[in-house]
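One structure below.
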Amino acid sequence: MPKNPTLFLAFLSLFLSAVSQNDEFVYTGFGDGGAASGSGTNIRLNGVAAIESNGILRLTNETSRLIGRAFYPSALQFRNATTGAAFSFSATFVFAIVPEYPKLGGHGLAFVISPSQELKGALPSQYLGLMNASDVGNFSNHLFAVEFDTVQDFEFGDIDDNHIGIDINNMESNASVPAAYYAGEGGRTSITLKSGERIQAWIDYDGIAKVINVTVAPFSSKPAVPILSIPVDLSPILHDRMFVGFSASTGLLASSHYLFGWGFKMNGVSQSLDLDSLPSLRQPKKKGTAFIFVVSATAVVVLIAAVAGAAYLFYRIKNADVIEPWELEVGPHRFSYKELKFATKGFRDRELIGFGGFGKVYKGTLPGSRAEVAVKRVSHGSRQGIQEFMAEIASIGRLRHRNLVQLQGWCRRRADLLLVYDYMPNGSLDKFLFCDGSQKAKPVLSWAERFGILHGVASALLYLHEDWEHVVIHRDVKASNVLLDADLHGRLSDFGLAKLHEHGANPSTTRVVGTLGYLAPELTRTGKATTSCDVFAFGALALEVVCGRRPIEPKAPPEELMLVDWVWEQWSSGLWADVVDPRLEGVYEREEVAVAIKVGLWCSHPAAARRPSMRQVVRYLNGGDAAEVPDVPSPQLADGGYEEEGGPVGFDDFVHSYPLSSLDKVSARSTIALGEEAAGGLCHEGPSILLDGSGARGLLEP
Ligand SMILES: *[C@@H]1O[C@H](CO)[C@@H](O)[C@H](O)[C@H]1NC(C)=O
Ligand SMILES: *[C@@H]1O[C@H](CO)[C@@H](O)[C@H](O)[C@H]1NC(C)=O
Ligand SMILES: *[C@@H]1O[C@H](CO)[C@@H](O)[C@H](O)[C@H]1NC(C)=O
Ligand SMILES: *[C@@H]1O[C@H](CO)[C@@H](O)[C@H](O)[C@H]1NC(C)=O
Ligand SMILES: *[C@@H]1O[C@H](CO)[C@@H](O)[C@H](O)[C@H]1NC(C)=O
Ligand SMILES: *[C@@H]1O[C@H](CO)[C@@H](O)[C@H](O)[C@H]1NC(C)=O
Ligand SMILES: CC(=O)N[C@H]1CO[C@H](CO)[C@@H](O)[C@@H]1O
């Protein structure tokens with residue numbers, strides 16, 4: 001028994017009253033007048049969150065890579081302190097997500113119960129401001145969140161770009177569903193989170209049955225059946241006292257995330273919110289009955305003036321560029337749309353010089369300098385396109401190397417995205433190497449020219465991998481991405497797929513992009529692009545340049561189908577002269593060809609760890625002495641547990657020869673499609689493949 005029972009009881013009642021006082025609140029708007037009922041306290045904001053004058057809480061605006069959070073100011077008792085059992089609770093809130101580009105969201109918001117209001121070290125983008133890459137899945141996070149996600153992130157197995165998920169200590173949801181609601185008998189009606197409209201959500205936890213329910217609807221009455229209902233015991237996940245609130249983030253793509261009202265109750269049903277009584281993003285329409293006559297008379301006059309003005313303004317606006325703040329921070333020169341339209345003669349089809357993975361490429365002549373440029377127009381409204389574009393500008397703006405195709409500048413006009421490059425008069429390397437026989441066949445490149453091109457591409461890759469301030473992985477090294485300038489020097493192009501990696505950081509990717517025949521085997525398994533994947537693709541390129549053949553040649557006899565296999569075979573039996581492009585008619589430097597073959601085979605090794613670095617590649621190409629190049633490790637010594645000891649060899653290694661292993665995760669359909677295309681006698685580059693993070697699904701791009 002405490003010595004002073006009165007004092008003890010006073011403390012106890014104070015404690016209990018504190019608990020009961022804090023266990024329910026309602027925000028009807030977040031302005032001063034709309035403070036939580038009862039308490040005079042308002043809401044605690046951090047990151048870029050702010051309350052707008054009309055009482056709307058804005059978690060983020062449309063600037064990229066922001067975090068905004070709002071928490072109820074004091075911690076709430078979420079568990080019975082004696083038993084450690086989580087209490088039931090219910091929450092309801094109204095939010096809206098207004099994306100920068102109407103069809104593209106970025107990234108979403110989450111209702112969160114967390115041990116702190118700060119969440120130090122957390123990242124924006126796909127992490128929603130909740131955690132960082134090293135925290136993901138760690139049980140000491142003690143984090144419960146319901147995500148309203150508008151971006152499909154393959155790394156965390158997102159089901160689509162419009163889903164609701166329950167996240168426990170992890171960004172990979174324990175359960176998720178496409179956003180929708182059940183209205184009456186009507187079945188499931190889907191709802192677009194990033195529509196910009198107000199959406200109400202309800203989150204109910206039953207501490208006895210240990211079930212969490214999530215419901216959303218575009219109106220205030222709660223649908224009877226939740227859209228997401230899963231059994232989960234929050235007792236081990238929560239601490240006794242936790243903070244409750246919201247977190248939102250933006251990535252390369254951005255949305256404004258708004259909250260309009262929020263009700264919460266521990267051990268009970270939260271007070272309902274009425275959409276009509278909450279602040280609204282749109283200005284209410286003014287209704288004036290008395291003035292209608294006067295107004296309409298005036299309106300007629302104004303209208304006539306306005307139509308004339310509008311016609312002029314429309315012309316102006318149509319040709320005007322709206323420059324957003326982030327655009328000023330992007331490195332290279334920003335062209336005006338008018339300049340580029342003029343340069344390409346209005347993007348005329350006759351100026352078209354190619355199709356990239358994400359858009360068309362036009363030839364243009366700049367109005368002032370008369371300089372020739374290539375203008376890549378990223379497809380309108382394609383979400384991938386815009387993401388690629390952002391990555392492209394950010395990463396290549398400041399890259400400078402004589403063997404890279406220089407980005408001169410760029411332009412964005414609404415959803416139209418344009419990149420301006422140096423014009424390469426001689427086109428791409430693949431046009432020179434393959435397609436003999438067609439009328440447009442280019443002259444045969446001499447060995448000296450070929451060796452020079454390999455050398456140039458290797459030094460460009462070395463620059464990207466090691467010599468720049470960030471590690472840049474090209475991800476799509478192939479003959480059609482090597483362009484030739486007027487002097488037939490090779491220049492690496494198309495950094496649309498490049499992503500930046502800080503030196504030392506663990507490069508991880510969410511999407512595998514590449515081209516059949518150049519994809520490193522480990523890439524299809526792990527989905528992680530590394531510099532070794534570029535080395536692998538360079539190996540394929542080196543062999544192509546020597547042999548004048550594609551990495552996979554469907555028209556060739558079966559034993560020659562896979563270029564690497566065939567070259568390895570001939571090389572090991574000393575018959576390597578047979579693989580050299582017959583169009584060279586035997587005129588080549590034997591020593592250099594041997595170096596190129598050796599380096600090509602070495603780079604093509606199926607085990608990433610056994611491939612050389614680009615620095616070694618450049619050194620051996622410079623040396624031009626085959627004897628200096630170490631013996632290429634046998635491809636049979638792939639990764640796995642056997643190595644040189646002669647231990648057990650995996651079954652798979654007998655089934656597939658090693659370059660085929662780079663195809664084994666790609667559906668048979670891809671291989672067939674490739675065969676058909678080639679059989680049609682078309683002069684195409686091989687199909688590109690997009691694999692999702694699981695590595696299992698192959699999509700063909702024409
Ligand atoms: C968004 O918020 C950030 C941080 O408060 C600010 O720097 C930026 O200018 C804002 N952007 C826009 C478009 O309002
Ligand atoms: C906590 O659990 C104990 C034991 O079941 C119970 O007696 C007590 O009333 C509970 N406390 C609260 C605040 O629910
Ligand atoms: C990740 O967040 C934790 C705290 O949640 C922090 O200690 C850690 O330093 C962060 N890591 C990075 C790489 O920022
Ligand atoms: C989880 O986080 C704690 C505290 O930040 C840390 O000590 C621990 O090593 C982490 N565990 C894992 C598996 O990363
Ligand atoms: C789901 O939640 C439980 C904890 O309740 C956890 O053990 C599990 O790893 C979570 N993640 C997934 C993806 O199911
Ligand atoms: C959750 O949903 C289920 C299924 O509709 C329902 O039976 C249950 O009562 C709900 N629980 C809560 C706490 O709303
Ligand atoms: C081999 C080849 O086609 N070379 C051309 C490369 O481009 C320059 C400049 O346009 C031409 O003069 C060359 O003939």
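Indexing begins at 1, ligand by ligand and atom by atom, following the structure's order.
The shortest N or O to N or O distance between Thr63 and ligand 1 is under 3.5 Å. Distances between N or O atoms of Tyr205 and those of ligand 6 include no value under 3.5 Å.
Of the charged side-chain nitrogens involved, none lies within less than 4.0 Å of a carboxylate oxygen, so that Asp204 and Lys265 do not count as a salt-bridged pair.
Residue contact check: Asp204 has heavy atoms under 4.0 Å from atoms 13 (C), 14 (O) of ligand 6. Each of the following atoms of ligand 6 lies closer than 4.0 Å to a heavy atom of Asp206: 13 (C). Here is the list of ligand 4 atoms found below 4.0 Å of a heavy atom in Ser140: 1 (C), 2 (O), 3 (C), 4 (C).
Within the set Thr250, Leu66, Asn61, the minimum heavy-atom distance to atom 12 (C) of ligand 1 is found for Asn61. The nearest non-hydrogen atom to atom 2 (O) of ligand 4, considering only Asn138, Asn169, Asn141, comes from Asn138. Proximity annotation for atom 14 (O) of ligand 6: of Asn213, Ile203, Ile208, Thr215, Asn213 comes nearest, heavy atoms only.
Annotation: Phe219 is in aromatic contact with Tyr181 [ring centroid separation under 6.0 Å]. Proximity of the aromatic rings of Phe260 and Phe95 is defined here by a centroid distance below 6.0 angstrom, and this criterion is not met.
Side-chain atoms of Glu147 and Ser173 include a donor-acceptor pair closer than 3.5 Å. For the residue pair Asn267 / Ser88, no side-chain donor-acceptor distance below 3.5 Å is found, with atom types taken as modelled. Residues Asp161 and Thr150 bring no donor and acceptor atom of their side chains to less than 3.5 Å of each other.
For atom 9 (O) of ligand 6, the nearest protein heavy atom is 4.0 Å or more away.
A side-chain donor-acceptor contact under 3.5 Å links Gln152 to the backbone of Asp158.
Protein heavy atom nearest atom 5 (O) of ligand 6, with residue, atom name and distance: Pro226 CD, 3.3 Å.
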